Amino acid sequence: MASYDFTDIEHKWQKIWEDQRVFYATEDDPRPKFYNVQMYPYPSGDLHMGHLRNYTYTDLLTRYQKMRGYNVLAPMGWDSFGLPAENAAIQTGIHPRVFTEQRIAKMTEQLKRLGAVYDWSREVAAHTPEYYRWTQWLFLRFYEQGLAYKKNAPVNWCPKDQTVLANEQVVNGACERCGTPVERRDLEQWFFKITDYAQRLLDDLATLDKWPERVRIMQENWIGRSEGAEFTMHVADRPDLQFTVYTTRPDTIFGMTFVVLAPEHPLVETLVEGTEYDAEVHAFIDQVRRESEVERLSTEGDKRGMFIGAYAINPANDEPVPIFIADYVLMSYGTGAIMAVPAHDTRDFAFAKLHGLPIPVVIAPPGWDGSDLDEAYTGDGIMVNSGQFDGLRAPEEGVPAVTRWLEERGIGRASVQFRLRDWLISRQRYWGAPIPIVHCPNCGEVAVPDDQLPVLLPDIEDYAPQGRSPLAAVPEFVNTTCPECGGAAERETDTMDTFVDSSWYFLRYTDPKNEQLPFARDKVDYWMPIDQYIGGVEHAVLHLLYARFFTKVLHDLDMLGFQEPFTALFTQGMLTKDGAKMSKSKGNVVAPDPYYERYGADAIRLYELFIGPPTDDAVWSDRGVEGTARFLDRVWRLGTETTDPVDRDEEPRDVEIRKAAHRTLAKVTGDIDRFAFNTAVAALMEFNNALMTYVREGARKETFTDVYDLLLLMLAPMAPHVAHELWERTGHETMLATESWPSFDPALVVEDVVTMVIQVNGKVRDRVEVPADIGEDEAVEMAIGRDKIRSWTEGKQIRKVIARPPKLINIVVG
RNA sequence: GCGGGCGUAGCCGAAUUGGCAUAGGCGCCAGACUUAGGAUCUGGUGGGCGCAAGCCCAAUGUGGGUUCGAGUCCCACCGCCCGCACCA
């Protein structure tokens with residue numbers, strides 16, 4: 001249906017770009033660098049229109065920034081470890097490597113078909129020994145720093161996938177991947193100590209001014225810093241026993257009427273041992289422990305807990321308060337113990353009501369009459385019933401005053417807590433990078449020496465997990481010798497979370513073939529930080545936080561010279577169809593193949609750009625592609641059909657079309673810079689419409705050539721195949737991709753005659769063409785003198801005239 | 001519950017700093033070309049009046065407010081979306 005053979009053209013130019021290595025980059029280029037990266041994908045096999053949208057954005061920027069004069073690096077790689085390949089292997093028996101590499105090959109083809117260009121010499125894939133060797137090497141550096149450690153921990157366990165999940169992989173109490181309700185189990189697990197970096201990860205968010213604010217806010221909430229105080233409490237009649245509580249509201253300490261320990265709190269055992277509460281408490285603890293997250297969530301609002309037969313002393317007033325355990329207090333946050341102030345905490349209030357505990361008010365709400373509260377009051381107020389602190393404003397005066405008092409008495413101090421937990425990186429899975437640790441009966445836990453890396457993933461027969469890594473069933477892998485004593489030892493059989501792989505791949509791109517180090521300092525410092533990072537908002541807190549953490553650790557190890565990896569971040573919207581995100585599992589994917597055949601790659605790209613604001617979700621529409629295909633067809637015909645431009649002197653019409661071209665150029669340049677690709681395409685369409693009219697009414701040869709060249713230059717990053725072909729056919733000997741992005745002529749963009757709007761009482765009543773440099777007095781005079789305006793002002797008094805020449809005059813009458 | 005965002009034509013959307021609301025596309029209507037058109041081109045496409053040039057009016061989820069002037073700023077409400085979710 002198109003009037004040109006786009007398939008031939010696409011093949012031709014894709015081959016030229018690759019064969020001539022047009023988009024390959026080196027570090028010795030004198031131009032300023034621009035490092036342009038899209039989050040490397042999991043090789044799922046088939047790209048759909050939703051994926052193509054993202055690749056189109058990245059590719060547009062690669063081509064645009066090159067034309068803008070930058071030394072652009074746009075690499076591509078694969079997040080190729082992970083569960084799907086392993087699950088497929090369990091089902092089909094195909095080795096995950098074979099499965100993965102077939103898909104990588106397929107996706108590479110599909111990217112090339114779109115016309116997306118990369119420096120393929122820098123391709124990385126997480127599953128290759130050449131890559132995971134360095135993932136293991138980096139693990140060892142973390143290990144040396146005490147940033148990688150093993151501990152027994154209650155973990156999220158997916159009974160279907162038979163593996164441990166990170167907190168982030170648990171969605172509404174269910175496994176993110178398969179939806180199975182998650183259970184809790186105790187296992188020995190490897191962690192990265194990201195909490196050591198919590199404050200810096202929080203502080204440096206402020207420097208990321210080219211990140212979407214919502215992503216910064218999400219990370220801020222995820223890190224979850226809170227300020228308060230912790231202090232020691234003694235158990236009544238047991239001077240040997242004490243525990244620490246954490247609170248953000250030390251100013252409410254006089255309102256404490258009970259304390260709550262997490263069921264897992266170590267002191268609980270001691271307190272109930274041999275008492276009448278022993279059996280009942282243990283039954284409760286067992287129940288809570290075994291409960292899945294789903295079950296816990298379903299009981300929200302009904303806070304379960306019990307008195308355990310002991311009392312603690314409130315250090316503020318020396319009153320004994322009962323000790324409870326309850327499931328709403330978590331061992332993993334703060335100290336695992338809280339002072340409960342029912343009057344001023346909604347959870348404590350609910351719990352106190354349930355157990356008939358007193359609810360004394362210590363922060364008086366404004367206008368409080370001394371009566372009981374119907375609900376917890378958490379707002380500002382005046383301290384009452386609080387001894388020497390009565391009358392202070394809370395929390396702003398009360399918190400520091402009480403905290404100081406606790407410090408002076410030597411029982412407490414100011415304390416900062418983070419919601420962020422350490423990053424659980426071990427997986428009881430096959431398809432990941434083995435953790436390079438050996439367990440020796442004599443030497444204990446021993447790091448595999450650097451020169452013995454990589455610890456290779458062996459080929460195995462049975463991938464099915466049985467509560468431990470499939471690697472544990474491979475004696476040739478497990479049995480080894482201790483690097484320190486040379487005796488018999490066993491390898492660690494857990495593998496690493498794929499988020500470890502993806503926390504540094506963008507560093508490897510800068511020096512992908514290095515066999516001495518993961519990357520050389522000079523190369524990483526040349527390319528990094530990434531100037532433009534593009535990816536889905538679903539990675540707002542996971543990948544993006546981990547990658548920031550890695551960068552900071554490697555900075556502290558003096559391996560690189562920057563603190564933040566991603567200068568600018570862009571998160572694109574999803575493509576939806578039938579009201580849902582396009583995905584294989586929903587069965588609503590739009591496969592690109594028929595569209596390539598019918599409309600060509602450029603029409604698809606252009607529609608992906610035109611479909612709506614890049615940050616917003618968009619709905620796929622077949623009609624939309626037809627529209628952009630029609631547009632390209634018109635551009636093609638303008639460039640190839642005889643339009644009979646003639647040599648003649650320049651007329652006003654010719655100047656007008658040149659002005660239109662330059663205004664469009666200014667608009668498109670600005671729009672690309674602010675990621676408004678949809679309006680950039682609209683501007684090109686509008687200009688093309690004007691150009692068709694111009695040609696129909698008789699074109700001047702020189703003018704037409706000039707403005708048509710501009711059109712092709714602007715189209716080059718968006719619809720590269722057609723633009724390149726037309727550039728060649730219209731007689732240019734250079735390649736369009738290596739041309740400079742044109743700069744607009746300011747004289748042609750500035751309008752010398754503009755339409756001035758004349759309003760009466762804010763309503764538009766007339767318009768008049770005026771010189772752009774018209775003076776205020778002259779503009780007002782002209783406005784008032786217009787016949788049409790007179791008919792509105794006649795018989796009324798002009799009270800005020802707002803003049804904004806040359807755009808607007810507003811006459812206020814009354 | 002807490003945090004963030006969105007609501008404009010029949011549909012997708014534009015309006016960048018408070019200044020001509022509705023650009024561009026889709027769809028629809030009419031016409032031209034044509035054996036034919038689901039190709040292409042031209043014109044139209046909120047409402048009212050008018051043969052017409054044109055004139056007038058209404059409208060940006062709802063209701064208020066600030067302002068000479070509000071899609072844009074403020075307040076309340078309605079609806080939808082996203083993130084977090086017992087973090088003391």
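So that the names make sense, note that chain A is the first sequence line, chain B the second, and so on, each numbered from 1. Note that the structure is a prediction, hence the values are computed from the model and not measured.
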At under 4.0 Å between heavy atoms, how does the protein contact nucleotides 23-30 of chain B? Give one character per nucleotide, 5' to 3', with B, S or -. BBSSS---
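Side chain to side chain, Thr346(A) and Tyr377(A) fail the donor-acceptor criterion of an N or O pair below 3.5 Å. With hydrogens and angles left out, the side-chain atoms of Asp602(A) and Tyr607(A) include no donor and acceptor closer than 3.5 Å. For the residue pair Asp622(A)/Tyr599(A), the side-chain donor-acceptor check at 3.5 Å is not satisfied. There is no side-chain donor-acceptor pair under 3.5 Å between Asp617(A) and Thr576(A). Remark: the Ser415(A) side chain and the Glu230(A) side chain contain an N/O donor-acceptor pair separated by less than 3.5 Å. A side-chain donor from one of Arg225(A) and Gln199(A) sits under 3.5 Å from a side-chain acceptor of the other. Counting only N and O atoms by type, the side chains of Thr403(A) and Arg413(A) include no donor and acceptor under 3.5 Å apart.
Close placement of the Phe675(A) and Phe677(A) rings is indicated, their centers lying within 6.0 Å of each other. A distance of 6.0 Å or more separates the ring centres of His355(A) and Phe258(A).
Between Leu638(A) atom CG and U40(B) atom P there is a gap of 14 Å when expressed in whole angstrom units. A straight line from CZ of Phe631(A) to P of C12(B) spans 23 Å, rounded to a whole angstrom. Rounding to whole angstrom units, CZ of residue Arg419(A) and C1' of G83(B) are separated by 10 Å.
Considering only side-chain atoms of Arg765(A), the nucleotide from C68(B), C57(B), A88(B) that sits closest is C57(B). Relative to the side chain of Arg804(A), the nucleotides A85(B), G19(B), G3(B) differ in distance, and G19(B) lies closest. The side chain of Arg214(A) lies closest to C82(B) when the candidates are C55(B), G19(B), C82(B). Checking U16(B), C86(B), G3(B) against the side-chain heavy atoms of Asp671(A) singles out U16(B) as nearest. Of the listed nucleotides (A88(B), C20(B), G3(B)), C20(B) has the atom at the smallest distance from the side chain of Arg767(A). Listed nucleotides A88(B), C86(B), C68(B) differ in distance to Val329(A); the shortest reach to its side chain belongs to A88(B). For Lys763(A), the side-chain atoms get nearest to A58(B) when compared with the rest of A58(B), G19(B), C84(B). Ranking C20(B), G19(B), A88(B) by closeness to the Ile802(A) side chain, first place goes to G19(B).
In this structure, Lys788(A) reaches the sugar-phosphate backbone alone: every heavy-atom distance under 4.0 Å involves primed, P, OP1 or OP2 atoms, never a base. Across all strands shown, Ile217(A) has heavy atoms under 4.0 Å from sugar-phosphate atoms exclusively, and none from any base. No contact: Glu213(A) has no heavy atom under 4.0 Å from any strand. In this structure, Arg216(A) reaches neither bases nor backbone, as no heavy-atom distance under 4.0 Å exists between it and the strands shown. Residue-level contact check: Ile811(A) touches neither bases nor backbone, having no heavy atom under 4.0 Å from any strand. Arg674(A) comes within 4.0 angstrom of a base, heavy atoms only. When heavy atoms are screened at a 4.0 angstrom cut-off, Val764(A) is found touching the sugar-phosphate backbone but no base atom. At the heavy-atom level, Trp620(A) lies nowhere under 4.0 Å from the strands shown. Across all strands, Ser332(A) comes closer than 4.0 Å to no nucleic acid atom at all (heavy-atom distances).
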List the steps, then state whether ring pair (Phe, Tyr, Trp, His ring centres under 6.0 Å) holds for Tyr595(A) with Trp620(A). CA-CA 12 Å; Tyr595(A) 298 86; Trp620(A) 178 262; 5.6 Å; yes
Under the salt bridge (charged side-chain N to carboxylate O under 4.0 Å, His left out) criterion, do Asp422(A) and Lys193(A) qualify, and how do the steps go? CA-CA 5 Å; Asp422(A) 276 342; Lys193(A) 215 169 177 187; over 6 Å; no
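Aromatic ring orientation, Tyr57(A) versus Phe570(A): perpendicular (interplanar angle above 60°, classes split at 30° and 60°). Using bins of under 30°, 30° to 60° and over 60° for the plane-to-plane angle, the ring pair Phe6(A)/Tyr4(A) lands in the perpendicular bin.
Phosphate proximity of C56(B) to Trp792(A): present, with a side-chain N or O under 4.0 Å from OP1 or OP2. OP1 or OP2 of A39(B) has not a single side-chain nitrogen or oxygen of Arg637(A) nearer than 4.0 Å.
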So what does the secondary structure string of RNA chain B come out as, 5' to 3', with Watson-Crick or wobble pairs under 3.5 angstrom, [ ] for crossing and | for pairs with another strand? (((((((..(((......[....)))((((((.......))))))((((....))))...(((((..]....))))))))))))....
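Comparing Ala618(A) and Lys807(A) by the nucleotide of RNA chain B that holds the closest heavy atom to each, the one mapping nearer the 5' end is Ala618(A). When each of Arg696(A) and Asn761(A) is assigned the nucleotide of RNA chain B with its nearest heavy atom, Arg696(A) is the one assigned upstream, toward the 5' end.
Using P as the reference atom, G46(B) and A85(B) are 49 Å apart when rounded to the nearest Å. Comparing the P positions of U60(B) and A9(B) gives a spacing of 10 Å, expressed to the nearest Å. Distance noted for atom C1' between G19(B) and G69(B): 7 Å (whole Å). Taking atom P on both C11(B) and U16(B), the two are 23 Å apart, rounded to the nearest angstrom. Rounded to whole Å, the P atom of U8(B) lies 14 Å from the corresponding atom of G71(B). Rounded to whole Å, the separation between the P atoms of U72(B) and U67(B) comes to 16 Å.
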Each nucleotide N or O in nucleotides 79-81 of chain B that has a protein N or O under 3.5 Å away: list the pair and distance.
none

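When the shell of 6.0 Å around CD of Glu697(A) is examined, it contains more than 12 heavy atoms from other residues, nucleotides or ligands.
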